Amino acid sequence: MAVDPGTSNTGIVYMNERRIICAKTMHYKSTVKADQYALRERAENIARQLTAWVADKPHEIIVMEGFLGYSGKGGGYVFQTPYLCGYLHAALRGESIAIQTSRQVLNPKSRGNMADLRTLMERGAKPYPGCEHCTNDHLRAAACHGAYYLAHHLRSGHA
């Protein structure tokens, strides 16, 4: 199970080392901006949907993209994603959760990254069976986080 959390779009991918089985995007037309009450309601809604979606899918771990602030990224509402990640962790209490940064998984300069996988899926190629489920960038990012975890976890013999 892999999650690319976001307050406007959250991508969830259910996969194993052989294929992507299914995927879901939670998309919201409006942003929460600086409204803290709206942020809490949005996080609660995402957590409720995520918890329900994973409930009937056997899994050992939930891989979640974490958050790192980047200087010069134009500011924005950088508090929302860390808040959402924390909220999801609390909602998923009892689950095994692995945190990964987009820098380690999606940056082409990082060792063992999945940048090529993301690019290939973006271009319509099917480098991983089931890629047709990844119809947007959030699902592709979640799939890359899942593939990265599986590649590094299985390679190290912890499976």
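Model, not experiment: these values are computed from the prediction.
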- prompt: Any idea which heavy atoms bring Tyr128 and Arg18 closest together, and the distance?
  reply: OH-N, 4.2 Å
task: Answer yes or no: is there a donor N or O on one side and an acceptor on the other, between the side chain of Ser110 and the main chain of Arg103, under 3.5 Å?
output: yes
query: Looking at Ala142 and Gly11, what are the two nearest heavy atoms and their distance?
result: CB-O, 3.7 Å
message: Does this structure show an ion pair linking Glu122 with Arg118, if we count only N-O contacts that are shorter than 4.0 Å?
response: no
- request: Would you mind reporting whether His89 and Ile97 have side-chain heavy atoms less than 4.5 Å apart?
  value: yes
- request: Decide whether a cation-pi geometry holds between Arg42 and Tyr28; the criteria are a distance under 6.0 Å from NZ or CZ to the six-membered ring centre and an angle within 45° of the ring axis.
  value: yes
- line: Value for CG (Asn136) from CE (Met121), rounded to nearest 0.5 Å, stands at 10.5 Å
query: Going only through I, L, V, M, F, W and Y residues with side-chain contacts under 4.5 Å, is there a path from Tyr148 to Ile99?
result: no
- request: List the steps, then state whether salt bridge (Lys or Arg N to Asp or Glu O under 4.0 Å) holds for Glu44 with Arg40.
  value: CA-CA 6 Å; Glu44 186 177 290; Arg40 187 185 68 223; 5.1 Å; no
message: Measuring from atom CG of Asn9 to atom CD1 of Ile46, what distance do you get when rounded to the nearest 0.5 angstrom?
response: 9.0 Å
task: Considering non-hydrogen atoms only, spot the tightest contact between Val32 and Ala38 and give its length.
output: CG1-O, 3.6 Å
- prompt: Quick one: are Gln100 and Val63 in side-chain contact, heavy atoms under 4.5 Å?
  reply: yes
message: Please report the interatomic distance CD(Gln104) to NE2(His145), rounded to the nearest 0.5 Å.
response: 7.5 Å
Separation of Glu132 CD from Leu139 CG (nearest 0.5 Å): 12.0 Å
field: 4.5 Å side-chain heavy-atom contact, Asn113 and Asn107
entry: no
Connected via hydrophobic side-chain network under 4.5 Å: Met26 and Tyr14: yes
- prompt: For the hydrophobic clusters of this structure (ILVMFWY residues joined by side-chain heavy atoms under 4.5 Å, transitively), does one cluster hold both Leu150 and Leu106?
  reply: yes
query: Just by distance, do the side chain of His138 and the backbone of Ser8 share a donor-acceptor pair under 3.5 Å?
result: no
statement: For Leu39 and Thr7, the nearest pair of non-hydrogen atoms, with its separation, is CD1-CG2, 3.7 Å
message: Under 3.5 Å, is there a donor on one side chain and an acceptor on the other for Glu95 and His59?
response: yes
message: Is a donor from one side chain sitting under 3.5 angstrom from an acceptor on the other, for Glu41 and Asn45?
response: no
Shared hydrophobic cluster, Trp53 / Leu84 (ILVMFWY, side-chain heavy atoms < 4.5 Å): yes
query: Out of curiosity, Ile12 CD1 to Gln49 CD, how far, rounded to the nearest 0.5 Å?
result: 7.5 Å
- prompt: For Lys33 and Gln80, what are the C-alpha separation, side-chain angles and deciding distance, and is it a side chain to side chain donor-acceptor pair (under 3.5 Å)?
  reply: CA-CA 8 Å; Lys33 298 190 180 176; Gln80 292 179 349; over 6 Å; no
field: Gln36 vs Tyr83 side-chain heavy atoms within contact, under 4.5 Å
entry: no
- request: Could you please spell out the steps behind the side chain to side chain contact (heavy atoms under 4.5 Å, CB included) verdict for Lys57 and Cys22?
  value: CA-CA 10 Å; Lys57 294 167 183 66; Cys22 59; 3.8 Å; yes
query: Which pair of heavy atoms, one from Thr51 and one from Ala91, lies closest together, and at what distance?
result: OG1-O, 4.2 Å
query: Do Met15 and Met64 sit in the same hydrophobic cluster, where Ile, Leu, Val, Met, Phe, Trp and Tyr count as joined when their side-chain heavy atoms come under 4.5 Å apart?
result: no
- request: Heavy atoms only: give me the nearest Ser96-Ile61 pair and the separation to one decimal.
  value: O-CG1, 3.3 Å
- request: For Tyr149, check ring pair (Phe, Tyr, Trp, His ring centres under 6.0 Å) against everything at least two apart and list the hits.
  value: His153
field: Side chain proximity check, Ile62 to Leu92, heavy atoms < 4.5 angstrom
entry: yes
task: Report the distance from atom CG of Asp4 to atom CZ of Arg140, rounding to the nearest 0.5 Å.
output: 11.0 Å
field: Validation row: Leu88, Leu50 side chains within 4.5 angstrom (heavy atoms)
entry: yes
task: Run through Leu117, Val13, Asp116 and flag the one making a side chain to side chain contact (heavy atoms under 4.5 Å, CB included) with Cys144.
output: Leu117
